[in-house]
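Please read the structure below before turning to the comments.
Note that these values count all heavy atoms, side chains included, but never hydrogens, waters or copies made by symmetry. As the structure is a prediction and not an experimental result, all values here were calculated from the model.
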Amino acid sequence: MRFDAAIDYPADTGRVAQMLADPDFVRRKIEASGAASTAVEVTSADDGGFTVLTRRAMPTDKIPNALRSFVGASIDVRFVEVWQPADPDGRRTGTFTMDVAGAPAGATGTTALEPDGEAGARIGYDGDAKVNVPFLGASVERAVVEAVQNVLDAERRAGVQWLTER
């Protein structure tokens, strides 16, 4: 199932990129998403790019009951974002991969961080959610897309608060 989503921030792309690469912010946004436990690894490249790897135990109360019986009370989600160095105008592109441990589900796609207006930035996510479960795949894919949107909403709230505090 195809999806696209965006997060708008009241800061320029440089500040937003710094925030995205800050392990403290990454922990905060994961906690805001409702994760029960987290692991964070941020790796910076010499060229200005960076990679963010997170693992989070997410509650399964929002997924269809038929699938919940297979995965239990929580699922282990591994999320990797690879951001390229900034262009001269501050724009960055990247990729993301999400895998659910022990389940035939995940998502992949591209990201873009770009200027939005005079003092803002927008992160766009464009991807595909896939669930390989006969008869339940489409309903679970819809639940995955909804969960991704909820996580992005929580990330935006955490990001706006982070930027306001700094």
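The main-chain N or O of Q84 is found under 3.5 Å from a side-chain atom of R92 such that the two form a donor-acceptor pair. Using a distance-only test at 3.5 Å, with no hydrogens or angles considered, a donor-acceptor pair links the side chain of D12 to the main chain of R15.
For the atom pair OG1 (T108) and CG (D128), the distance works out to 5.5 Å, reported to the nearest 0.5 Å. To the nearest 0.5 Å, atom CZ of residue R156 and atom CD1 of residue I123 are 11.0 Å apart. Atom-to-atom distance recorded for L20:CG and F50:CZ is 5.0 Å, nearest 0.5 angstrom. Rounding to the nearest 0.5 Å gives a distance of 10.5 Å between OG1 of T54 and CD of E41.
Between L163 and M19, some side-chain heavy-atom pair lies under the 4.5 Å cut-off. Side-chain contact between T51 and V80 is present, with heavy atoms from C-beta onward closer than 4.5 Å. Residues D8 and D116 are in side-chain contact: their nearest non-hydrogen atoms beyond the backbone lie under 4.5 Å apart. Looking at heavy atoms from C-beta onward, D99 lies out of side-chain contact with V77 at the 4.5 angstrom threshold. Contact annotation: the side chain of I7 never approaches that of R122 to less than 4.5 Å [non-hydrogen atoms, C-beta and beyond]. In this structure, the side chains of M58 and S33 come closer than 4.5 Å at one or more pairs of heavy atoms.
Linking ILVMFWY residues whenever their side-chain heavy atoms come closer than 4.5 Å, directly or via other members, leaves Y125 and V82 in distinct clusters. By the rule that hydrophobic residues join a cluster once side-chain heavy atoms approach within less than 4.5 Å of another member, V16 and V160 end up as members of one cluster.
Within the structure, every pair that satisfies the ring pair (Phe, Tyr, Trp, His ring centres under 6.0 Å) test and touches residues 4-34, not counting sequence neighbours, is listed here: F25-W162.
Summarising the geometry of P115 relative to T13, their closest heavy-atom pair is N-CG2, 3.4 Å, with the distance given to 0.1 Å. For the residue pair P23 and V42, the shortest heavy atom distance occurs at CG-CG2, 4.0 Å.
Every salt bridge (charged side-chain N to carboxylate O under 4.0 Å, His left out) that D126 has, sequence neighbours left out, goes to R2. Take R28 and apply the side chain to side chain donor-acceptor pair (under 3.5 Å) test, not counting sequence neighbours, and it matches E165.
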Next on the checklist: The test is salt bridge (Lys or Arg N to Asp or Glu O under 4.0 Å); show your working for D24 and R27 and say whether it passes.
Outcome noted: CA-CA 5 Å; D24 290 333; R27 279 186 206 85; 3.3 Å; yes
Next on the checklist: Is there a side-chain contact (heavy atoms from CB on, under 4.5 Å) between R78 and L53? Walk through the geometry before answering.
Outcome noted: CA-CA 7 Å; R78 179 180 175 269; L53 166 65; 3.8 Å; yes
Item to check | Residue pair R157, E31: steps toward the salt bridge (Lys or Arg N to Asp or Glu O under 4.0 Å) verdict | outcome: CA-CA 12 Å; R157 287 189 300 274; E31 290 168 5; over 6 Å; no
Checklist entry - Please walk me through it: do R91 and L113 pass side-chain contact (heavy atoms from CB on, under 4.5 Å)? => result CA-CA 6 Å; R91 186 176 195 280; L113 169 60; over 6 Å; no
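Using the six-membered ring where Trp is involved, F96 and F3 have ring planes that are tilted, between 30° and 60° apart.
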